[in-house]
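I have placed the structure first, in the form of structure tokens, so that the comments after it can refer back to it.
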Amino acid sequence: DQQVKQNSPSLSVQEGRISILNCDYTNSMFDYFLWYKKYPAEGPTFLISISSIKDKNEDGRFTVFLNKSAKHLSLHIVPSQPGDSAVYFCAAGAGSYQLTFGKGTKLSVIP
Amino acid sequence: DAGVIQSPRHEVTEMGQEVTLRCKPISGHNSLFWYRQTMMRGLELLIYFNNNVPIDDSGMPEDRFSAKMPNASFSTLKIQPSEPRDSAVYFCASSRAGAKNIQYFGAGTRLSVL
């Protein structure tokens with residue numbers, strides 16, 4: 001049973017618009033969440049994280065929102081750029097070293 | 001600083017052969033993780049080491065898989081004998097001490113078992 005779900009396998013967005021990637025989780029013990037970005041033939045690279053004591057974290061064009069009651073988090077990219085085209089993975093941890101990953105959403109930013 | 005280094009980048013082998021994947025974590029990181037990525041199952045944790053000691057190997061699929069970390073700067077994942085269903089991308093990641101720390105991934109090894 002998937003504890004971290006990314007229900008949209010792919011997303012296309014026009015350059016300059018907002019990209020919103022969604023992630024749902026089922027384990028209420030998760031207390032921190034991360035987003036990773038992955039380009040083809042490379043490993044995932046860390047993008048942004050959020051602790052369960054917060055509901056928002058911002059880093060430049062990237063903002064992560066956490067809704068604990070809904071067990072939902074989202075990544076907003078504003079404005080989207082062609083270089084943002086990649087697969088984005090949501091990951092969650094429960095106070096240990098281990099992370100549980102979603103299956104990823106492929107973002108395509110169209111020039 | 002160099003990131004996590006994995007070798008080889010690509011491995012093609014025949015069923016029944018032994019395969020050894022290698023990983024050099026980031027210097028100063030004391031946690032090391034081996035993951036496997038497939039289309040069907042996504043990114044799965046195989047085994048986790050802390051201070052060179054295997055802490056959780058519950059993700060290792062079967063006895064054909066084994067992992068070692070003889071020192072803080074080197075780890076191996078071995079498959080013997082290999083099977084076509086082992087074909088996947090294998091990632092190694094490392095992180096610093098303490099919970100909630102970011103894992104840094106290598107570029108991965110793409111394994112094809114024919």
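Side-chain atoms are counted along with the backbone in the values below, which use heavy atoms only and exclude waters and symmetry mates. Numbered from 1 within each chain, the chains take letters A, B, ... in sequence-line order.
- Looking at His72(A) and Asn67(A), their side chains never bring a donor and an acceptor atom within 3.5 Å of each other.
- Tested against Ser80(A), the residues Ser19(A), Ser108(A), Ser85(A) include a single side-chain hydrogen bond (donor to acceptor under 3.5 Å, both in side chains) partner, Ser19(A).
- Side-chain atoms of Lys37(A) and Tyr39(A) include a donor-acceptor pair closer than 3.5 Å.
- Proximity to chain A is limited to the side chain of Arg9(B), based on heavy atoms less than 4.5 angstrom apart.
- Proximity to chain A is absent for every atom of Glu44(B), based on heavy atoms less than 4.5 angstrom apart.
- In this structure, the portions of Leu43(B) lying under 4.5 Å from any heavy atom of chain A include both its backbone and its side chain.
- Counting only heavy atoms from C-beta outward, the side chains of Tyr36(A) and Tyr88(A) never approach each other to under 4.5 Å.
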